[in-house]
Protein chains: 2
Amino acid sequence: MEHFIAHTFLVHPHPLECEAVADWLRKISYVELVGKGSSLDHLIQLPYLKDIDVIVLFAHQTENVAEKILKIRKLHPRLKFLLLAPSPSSESVREVVRSGVSGYIVFESELHEWELAFRAVSQGRVYYGQEVMLRLAESSVETFIPEPIPTTKDFLSKREVEILRLVANEYTTTRIASELCISDKTVESHRRNLFQKLGVKNSVGLTKIAVRMGVV
Amino acid sequence: MEHFIAHTFLVHPHPLECEAVADWLRKISYVELVGKGSSLDHLIQLPYLKDIDVIVLFAHQTENVAEKILKIRKLHPRLKFLLLAPSPSSESVREVVRSGVSGYIVFESELHEWELAFRAVSQGRVYYGQEVMLRLAESSVETFIPEPIPTTKDFLSKREVEILRLVANEYTTTRIASELCISDKTVESHRRNLFQKLGVKNSVGLTKIAVRMGVV
DNA sequence: TACAATATCGTGGAAAACCCTTAAAACAAG
DNA sequence: CTTGTTTTAAGGGTTTTCCACGATATTGTA
């Protein structure tokens, strides 16, 4: 049982593999595949673009990908991208991440990692594979921390971020309530909504995300 | 009420300030000042060196400090250093941190921050002030993550680290118990010991430390 | 203005976490 | 072989979290 349905669009340059992957995606309970195409260009004139949650993008070279993503994201900032690509170079990884992809893993990733990445992305979090992280680490830290966060923050309301911060600061529900002058029950509601939106099931999960988001 | 007593040695190059700071330290309930000196060199031939928990080190220039610390730590790896120093340069910060100081804050830090740093260090965690972190971020990431961790891990037993990992992975007590084939009560014991050792009061706190330690 | 998202507050109940105390076996180090 | 730490465990509590159902007011925006 999943708490969410991700309306997903698949981009894969090889028709056969595109089809195969599409079928495979359709079998996943929380994925609703709304379309597929061989390149990002086909995507732009789609009428139902704004109903899409996640774009799963297979790219064999990351040359112009970053700017295309940037262009699309400018029109539809809520769109999330999960990029599957070859092991990146330190130079390319930077601009790709800055373009605002929410997830970035290499082709060689295990199914398990794919799952993790997809769930993270479709729930508004970010996920970078080990190889990507390594390259990012070689590049400057400054460009790496701030960029991917906004997606997540936009996804949460102001109040929710506030609650998230306090939860991750070891405040109890009661304490948060009195701090914000609202009812315990309201705090619980927010907390529950956070669970749902972030796809975790308790405060420990929230805390890890809060750390990753940098709200603590 | 504190859960710990930190046997502390103070190093300050200026006699007057050394005396003043020493007195100030003595007033703190969980500090037991076991000695003071004007330089690290005085420290090496101390007979009771291995009964010391924390060395609070005021250093106006960080030139040779790193190697001195390294030398001392080689003989007494359990010794923790809290370094008070001027705002560091990107070059110096790296080697200082690599020398294994557990805490590093600037002279200008507020009392509040001093307290945080001291508690962290004496409990085997690490604490770097904002300024230090910034400089570290400018330097490479790789050199920054791994070094300070071992102190913390030494401080925890193997089993405790294991429990910590599972807690931070959103496992419930019952789940952990069945995973490790031990009683719920045992898991609770470990969890409580972790609270005590790490100076936090719930699993959210543990989680944050686990993330910092890199066990998740 | 109507619709969606957000923020608010509730009941009731089950599960998990947390607190205090005690203590025995296993083990390493001195 | 004693001493300290780790790992194990239990009884008997309180508090907090989490879940499953609501419900109403506010706000922003198409």
Side-chain angles (χ1 to χ4, degrees), chain A residues 1-4 47 49-51 53 75-78 124 153-207 210, chain B residues 1 3-5 7 50-51 53 76-78 123-124 153-208 210:
Chain A
M1 280 304 109
E2 300 299 330
H3 304 100
F4 66 100
L49 198 57
K50 69 173 171 45
D51 298 323
D53 299 313
L75 296 169
H76 302 277
R78 311 199 101 199
K153 280 207 171 145
D154 288 352
F155 188 59
L156 300 181
S157 71
K158 245 207 230 142
R159 200 56 152 180
E160 283 166 342
V161 173
E162 208 169 355
I163 304 283
L164 180 61
R165 212 194 70 239
L166 293 169
V167 167
N169 274 342
E170 284 137 281
Y171 286 52
T172 66
T173 298
T174 317
R175 181 82 192 289
I176 296 172
S178 74
E179 203 84 10
L180 302 180
C181 300
I182 56 180
S183 151
D184 282 28
K185 289 302 174 180
T186 307
V187 178
E188 278 187 37
S189 286
H190 287 307
R191 192 200 286 264
R192 252 182 305 108
N193 291 336
L194 284 167
F195 289 161
Q196 223 237 350
K197 283 192 180 179
L198 300 173
V200 297
K201 52 186 244 307
N202 58 32
S203 298
V204 168
L206 290 187
T207 304
Chain B
M1 280 301 110
H3 305 102
F4 66 100
I5 296 289
H7 297 88
K50 71 173 169 47
D51 298 324
D53 298 313
H76 301 277
R78 308 199 106 200
Q123 288 165 14
K153 281 208 173 144
D154 288 352
F155 187 60
L156 300 180
S157 73
K158 246 206 229 142
R159 201 56 153 178
E160 282 166 343
V161 174
E162 207 170 355
I163 303 282
L164 179 61
R165 211 194 71 239
L166 294 170
V167 167
N169 274 343
E170 283 137 281
Y171 285 53
T172 66
T173 297
T174 316
R175 182 83 191 289
I176 296 172
S178 74
E179 203 84 10
L180 302 180
C181 301
I182 55 179
S183 150
D184 283 28
K185 288 297 184 179
T186 308
V187 178
E188 279 187 37
S189 289
H190 287 306
R191 189 201 289 265
R192 252 180 304 106
N193 291 336
L194 283 167
F195 289 162
Q196 221 234 0
K197 283 193 179 177
L198 300 174
V200 298
K201 54 186 245 304
N202 57 32
S203 298
V204 168
L206 290 186
T207 304
K208 287 193 291 183

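Chain naming here is simple, since letters A, B, ... match the order of the sequence lines and numbering starts at 1 in each. The shown structure was predicted, so the numbers you read here are calculated from the model rather than taken from an experiment.
The backbone N or O of A/A168 lies less than 3.5 Å from a partner atom in the side chain of B/K208, making a donor-acceptor pair. Looking at A/K201, its side chain does come within 3.5 Å of a backbone N or O of B/E170 through a donor-acceptor pair. Here the side chain of A/N193 pairs no donor or acceptor atom with the backbone of A/Q196 at under 3.5 angstrom. A donor-acceptor pair is defined here as one N or O able to donate and one able to accept, closer than 3.5 Å; such a pair exists between the side chain of B/N202 and the backbone of B/G205.
One interatomic measurement links the two molecules: CZ of B/R159 to C1' of C/dC27, which rounds to 15 Å at whole-angstrom precision. Nucleotide C/dT8 holds its C1' atom 16 Å from the CD1 atom of A/I176, rounded to whole Å. The distance from atom CD of B/E160 to atom P of D/dT8 is 10 Å, rounded to the nearest whole Å. Between the C1' atom of D/dA9 and the NE2 atom of B/H190 lies a distance of 10 Å, rounded to the nearest Å. Between the CG atom of B/D184 and the C1' atom of C/dA17 there is a distance of 11 Å, rounded to whole Å. Between B/K158 atom NZ and C/dA26 atom P the separation is 18 Å, expressed in whole Å. Rounded to whole Å, the distance from CD on B/E170 to C1' on C/dA16 is 15 Å. Here the C1' atom of nucleotide D/dA9 and the CG atom of B/N193 are 13 Å apart, to the nearest Å.
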Take A/R159 and A/I182 through the test side-chain contact (heavy atoms from CB on, under 4.5 Å) and record every step on the way to the result. CA-CA 12 Å; A/R159 200 56 152 180; A/I182 56 180; 3.5 Å; yes
After noting the C-alpha distance and the side-chain angles of B/L156 and B/L198, does the key distance pass the side-chain contact (heavy atoms from CB on, under 4.5 Å) rule? CA-CA 9 Å; B/L156 300 180; B/L198 300 174; 4.2 Å; yes
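To the nearest 0.5 angstrom, A/L180 atom CG is 10.5 Å from A/R175 atom CZ. Separation of atoms OH (B/Y171) and OG (B/S178) is listed at 9.5 Å; rounding is to 0.5 Å. Atoms OG and CG, from A/S157 and A/L194 in turn, are 7.5 Å apart once rounded to the nearest 0.5 Å.
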Between the protein and nucleotides 13-23 of chain D, list every N/O to N/O distance that falls short of 3.5 Å.
| from | atom 1 | to | atom 2 | distance (Å) |
| --- | --- | --- | --- | --- |
| D/dT17 | OP2 | A/T173 | N | 2.8 |
| D/dT17 | OP2 | A/T173 | OG1 | 2.7 |
| D/dC18 | OP1 | A/S203 | N | 2.9 |
| D/dC18 | OP2 | A/R191 | NH1 | 3.1 |
| D/dC18 | OP2 | A/S203 | OG | 2.8 |
| D/dC18 | N4 | A/E188 | OE1 | 3.4 |
| D/dC19 | N4 | A/E188 | OE1 | 3.4 |

B/S/- along nucleotides 25-30 of chain D (protein heavy atoms under 4.0 Å) is ------
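Within the 4.0 Å cut-off from OP1 or OP2 of D/dT8, not a single side-chain nitrogen or oxygen of B/T186 is found.
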